[in-house]
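Have a look at the structure below before the remarks.
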Amino acid sequence: MAKNLNKIGENGIYKVKDKIAGKKNFYHLVMFPYPSGDLHIGHWYNFAPADVYARFKKMNGFNVLSPIGFDAFGLPAENAAIKRGIHPKDWTYKNIKTMMRQLKNIGAIYDWSRKIITSDPDYYKWTQWIFLQLFKSGLVYRRKAPANWCLKCRTVLANEQVIEGKCERCGSDVIQKNIEQWLFKITDYAEELLKDLDGLDWPEKTKTMQRNWIGRSEGAMIKFPISDSEEFIEVFTTRADTVFGATYAVIAPEHPLIGALGLKIRNFEEVKKYAAEAAKKSELQRTDLAKEKTGVKLEGIEAINPLNGEKIPVFSADYVLGHYGTGAVMAVPAHDQRDFEFATRYNLAIKQVITPQINADLRENKLNKAFEEDGYLFASGEFTGLKSAEGRKKIVERLGKKGLGSGKVNYKLRDWLVSRQRYWGAPIPIVYCDKCGIVPVSEKNLPIKLPNVKNYLPTEEGRSPLAKSEKFVKTKCPKCGSSAKRETDTMDTFVCSSWYYLRYADPKNSKRFADPKKIKAWLPVDVYIGGAEHSVLHLLYARFFTKALYDMGFLSFKEPFLKLRHQGIILGPDGQKMSKSRGNVIDPDELVEKFGSDCVRMYLCFMGPYDQGGPWNPTGILGIKRFLERVYRLTFNIKRSNIDIGASEAQKLKRILHQTVKKTTEDIENFRFNTAVSSLMILFNEMEKNFEILKFSNFEIFLKLLSPFAPYLTEDLWRQLGNKKLIHREKWPIYDPKLIKEEKFELIIQINGKMREKISVDCGVSQKEAEKLVLEQEKVKKILGDQRIKKIIFVPDRLINIVI
RNA sequence: GCCGGGGUGGCGAAAUUGGAAGACGCAUCAGCUUUAGGAGCUGACGCCGCAAGGUUUGCGGGUUCAAAUCCCGCCCCCGGCACCA
């Protein structure tokens, strides 16, 4: 069936115009895939139900843009290509070809004329252009510092790409490597990125994850001067109320103060050795909680508590992180478990300065772990007796007067490291000149094309393979014209995907990244659908780009995706994650071959709640197959007459029809595809049972409701029923609220809250009438016997509960 | 450890301003029809019971005429973060 429409989508019927008179634009976006080589069932689960929604919106009168493209640059594609000994470019474009063919099977309303591929020069030209704009705005900087280095991928990784100390892509160990790198100052936007989450229609879970990732915390900066020195240790703390309990200070092994103090540290060599060992450890080893805390005392160095003048020892220890806060802490072992463990191990003083009750007697109280809650200040000079919150405020005020402290907000979010020492990415448009230093490439020379080199393998010494291409490296300084060298690192692929949603508005534009008028016509994205695994990476970066481009005056909105929905993950039939090695992979091509595209689409919708996913049930799809075949058969059994036979049955059928229109509409709007399908089944079961009195026009309404789920079948049947136009261009049915009302209902009769009987009565029956009817029931009489009725509860049009 | 989400038949799941638990579908069983392929139709189908009836939403309490739904305590599963001072 539907063979004649197999080429749906290829002949331009889904081409989108930027403006249609009388229609509102609706930007419907799915996360574009990277060209892995095969469209798997997870893609289908993202794209097929999403397309149901897009078609639904279209039939509801919107001018819907639903584009698709490929996130083509990046590590995964490159690693896969290397494994097979194929050039990344050949591999990528071959895969795109295959995947386009597979994508067309879905039957989505993609406008293929807007397809984008991020590894095409006319796309990455604008990725580079945006890099230059960020550079101009001071949001890009270069720095030599320890970075996450994946041993296998031989490149640095962003903080977000290191999962439990391992590479997100290949799972190998990640170590710290001191290397020159490019970073985007996403931290400038920490507060805005946090605050603006409130206004977004996103899953709460995703917003929470971003909030946690940004990790705002309010506290104070406090300076601890160092005896006989101009230097001081500046710490960040959220517990200024515990300053009197600070019995030592700790700086991270990589803290610059160690170098600054130099030989003032009597055991300088030992301290340097400790730092070197810490650097060798992977993030995973260093942050292993189970590990005993280690550290080394800075002999001959003392810090002065700025509040009480006490001299305290200073340690270097790797339980303090170099990159958070100031890389130094005041240690309060009585009120911080980490400090407590360290103090216990090295026999350091533990001084309690917060008590749960005011004026607590601490004489017999020996702590066996840190007391971390708020309480009342104790042994804290003039601050004694204050509540923690007040103590914090007063102490920071006092320190402020001395010039040794101030309030401060800190974030866990770190700047985004974007340089990669890899081949398959957009070259960073920067030139190094001996005279002028770091110089951005002139915009009119973009794109800086990625050369087609033979040797694309990552190198051991931590330089991009591009460094070996003399032709690429050698250039002229854009400023002074003397000979210069190109930057050879490429950009993180997440840079490419941080703005692609803008390009879809105007994908062919060669003068700008997109025409502002077209951007205005479509953006921001009305609904964005994709996996929850992008909750912090892509979704945070894309928000950052939008905000930065807004501040530069290129956009008129600050958030790219107003509404976000995630699909769940489909597991293999064994409940395990699908993988070739486990042999539990479900191939959508095979399913389409066996059951047809409509059937696969609809079953994916029917499986369960969209955001839930779960194991694939190999036989479940048969139910949908049967259903669609029954629909096909019934189409040719309907009597083509509009005469109602058997008024009451026809009335009932009409009522269910209108109820279904209502339910399906509401369910699709709320991404409840599973219940939308089941309501269509209920309606169809009724229609099939009563096909002799089924009105032709009513069956057509059913077909329209079905069409977003089963576009191929419904277009075919629509035509076979004699319609000239396409069903997906029809208007979505509207229900009549008067017609969905029931005339009768089943009155539930409860006795002491237990259901005992039900009777059919007219809607709107009064309590009096209902009681009379109920008490006449034989069964009720029997149970009641001669017991006294204490109370009767009546819920109109629902139930009656007799309490005895 | 912290932050989210969840636990309902053999299975996927419905039902949330508290009001019939298990819609819809899968699997299974019986019958019809075919008697060859995961074909079609009709019916049964939470559990115990021949039945009347009893019982049932992870476990234990509570509120209520009435709890899958609200409250308290506990157990388990999934996802994320994790020495963030």
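First the proteins, then the strands, lettered A, B, ... as listed; each starts at 1.
Atom CG of A:D241 is separated from atom C1' of B:A85 by 13 Å (rounded to the nearest Å). A:I751 has its CD1 atom 12 Å from the P atom of B:G53, to the nearest Å. Rounded to an integer number of Å, the gap from CD1 of A:I783 to P of B:A52 is 13 Å. Spacing between atom CE of A:M209 and atom P of B:A82 amounts to 10 Å, rounded to whole angstrom units. Atoms CG (A:L413) and C1' (B:C81) sit 14 Å apart, rounded to a whole Å. Counting to the nearest Å, the P atom of B:C65 and the CG atom of A:N752 are 11 Å from each other. In this structure, CG of A:N674 is placed 11 Å from C1' of B:G25, rounded to the nearest angstrom. At whole-Å resolution of the value, CG in A:L537 and P in B:G80 are 12 Å apart.
Note that CD1 of A:I783 is 4.5 Å distant from CD1 of A:I751, once rounded to the nearest 0.5 Å. Between the CG atom of A:N685 and the CZ atom of A:R630 there is a distance of 5.0 Å, given to the nearest 0.5 Å. From A:I233, atom CD1 reaches atom CD1 of A:I312 across 7.5 Å, with rounding to the nearest 0.5 Å. Taken to the nearest 0.5 Å, the CE atom of A:M578 stands 6.5 Å off from the CD1 atom of A:I41.
Side chains of A:Q767 and A:I792 form a contact here, defined as non-hydrogen atoms less than 4.5 Å apart. Considering only heavy atoms from C-beta on, A:L799 stays 4.5 Å or farther from A:M755 through its side chain. A:L747 has its side chain out of reach of A:L773: every pair of non-hydrogen atoms, C-beta onward, lies at least 4.5 Å apart.
Comparing B:U57 with B:C11, their P atoms are spaced 16 Å from each other, to the whole Å. With both ends at atom P, the span from B:A68 to B:A15 equals 16 Å, rounded to whole Å. Taking atom P in both B:G46 and B:A21, one finds a spacing of 14 Å when rounded to whole Å. Comparing B:U63 with B:C71, their C1' atoms are spaced 7 Å from each other, to the whole Å. Using atom C1' as the reference point in both B:C47 and B:G62, the two lie 27 Å apart (nearest Å). Remark: the separation of the C1' atoms in B:G60 and B:C76 is 15 Å, to the nearest Å. If you take atom C1' in B:G73 and the same atom in B:C83, they sit 31 Å apart, rounded to whole Å. Separation of the C1' atoms belonging to B:G9 and B:C3 is 33 Å when rounded to the nearest angstrom.
Listed by chain and number, the residues in a ring pair (Phe, Tyr, Trp, His ring centres under 6.0 Å) with A:F244 amount to none (sequence neighbours excluded). Considering only residues two or more places apart in sequence or on other chains, A:F673 meets the ring pair (Phe, Tyr, Trp, His ring centres under 6.0 Å) condition with A:Y610, A:F671. Residues satisfying the salt bridge (charged side-chain N to carboxylate O under 4.0 Å, His left out) test with A:K577, not counting sequence neighbours, are none. For A:F745, the ring pair (Phe, Tyr, Trp, His ring centres under 6.0 Å) test picks out no residue, with sequence neighbours left out. Every side-chain contact (heavy atoms from CB on, under 4.5 Å) that A:R211 has, sequence neighbours left out, goes to A:L194, A:L197, A:D198, A:E204, A:K207, A:T208. With sequence neighbours left out, A:F342 forms a ring pair (Phe, Tyr, Trp, His ring centres under 6.0 Å) with A:Y248, A:F315, A:Y319, A:Y346. In terms of the salt bridge (charged side-chain N to carboxylate O under 4.0 Å, His left out) criterion, residue partners of A:K662 (sequence neighbours excluded) are, by chain and number, A:E666.
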Protein-nucleic acid N or O pairs under 3.5 Å, nucleotides 9-12 of chain B:
residue : atom : partner : partner atom : Å
B:G12   : O2'  : A:M607  : O            : 2.4

Review item, nucleotides 45-47 of chain B N/O atoms under 3.5 Å of protein N/O:
none

Show each protein N/O and nucleotides 32-42 of chain B N/O combination with a separation under 3.5 Å, one pair to a line.
residue : atom : partner : partner atom : Å
B:G38   : O6   : A:K594  : NZ           : 3.2

Distance-only donor-acceptor hits, side chain of residues 615-627 of chain A, under 3.5 Å, sequence neighbours excluded:
residue : atom : partner : partner atom : Å
A:N617  : OD1  : A:T619  : N            : 3.0
A:N617  : OD1  : A:T619  : OG1          : 3.1
A:N617  : OD1  : A:G620  : N            : 3.3

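Using a 4.0 Å heavy-atom cutoff across all strands shown, A:R216 reaches no nucleic acid atom at all. Nucleic acid contact for A:Q337: none, since no nucleic acid atom lies under 4.0 Å from a heavy atom of the residue. Within 4.0 Å (heavy atoms only), A:N410 reaches no atom of the nucleic acid at all. Across all strands, A:K791 comes closer than 4.0 Å only to sugar-phosphate atoms, never to a base (heavy-atom distances). Contacts of A:K754 with the nucleic acid, taken as non-hydrogen atoms under 4.0 Å apart, involve only primed sugar atoms and P, OP1 or OP2.
The stretch residues 795-804 of chain A touches RNA chain B through A:V795, A:R798, A:L799, A:N801, A:V803, each having a heavy atom within less than 4.0 Å of the strand.
Minimum atom distance to the side chain of A:N212 is reached by B:C3, of the listed B:C3, B:A23, B:G53. Nearest nucleotide to the A:S217 side chain, out of B:C65, B:A85, B:C83: B:A85. Taking only side-chain atoms of A:I682, from C-beta outward, the nucleotide of B:C83, B:A23, B:A85 with the closest atom is B:A23. Out of B:C65, B:A23, B:A14, the shortest distance to the side chain of A:I793 is found at B:C65. Taking every side-chain heavy atom of A:W213 into account, B:C81 is the closest of B:A20, B:C81, B:C24. Relative to the side chain of A:K205, the nucleotides B:A20, B:G4, B:A14 differ in distance, and B:G4 lies closest.
Heavy-atom nearest nucleotides on RNA chain B were determined for A:V536 and for A:D339, and the one closer to the 5' end corresponds to A:V536. Nearest-nucleotide positions on RNA chain B place A:G614 closer to the 5' end than the other of A:D336 and A:G614.
The nucleotide B:G1 finds its pairing partner in B:C81, both defining distances of the Watson-Crick or G-U wobble pair being shorter than 3.5 Å. Shown here, B:C11 forms a base pair with B:G25; the pair counts as Watson-Crick or G-U wobble because both key distances fall under 3.5 Å.
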Pair A:L200-A:L564, side-chain contact (heavy atoms from CB on, under 4.5 Å): steps then yes or no: CA-CA 8 Å; A:L200 297 176; A:L564 173 73; over 6 Å; no
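Residues A:Q210 and A:R543 have side chains that bring a donor and an acceptor to within less than 3.5 angstrom of each other.
OP1 or OP2 of B:G25 sits under 4.0 Å from a side-chain N or O of A:N685.
Looking at A:K412, its side chain has no donor and acceptor atom pair within 3.5 Å of the base of B:C81.
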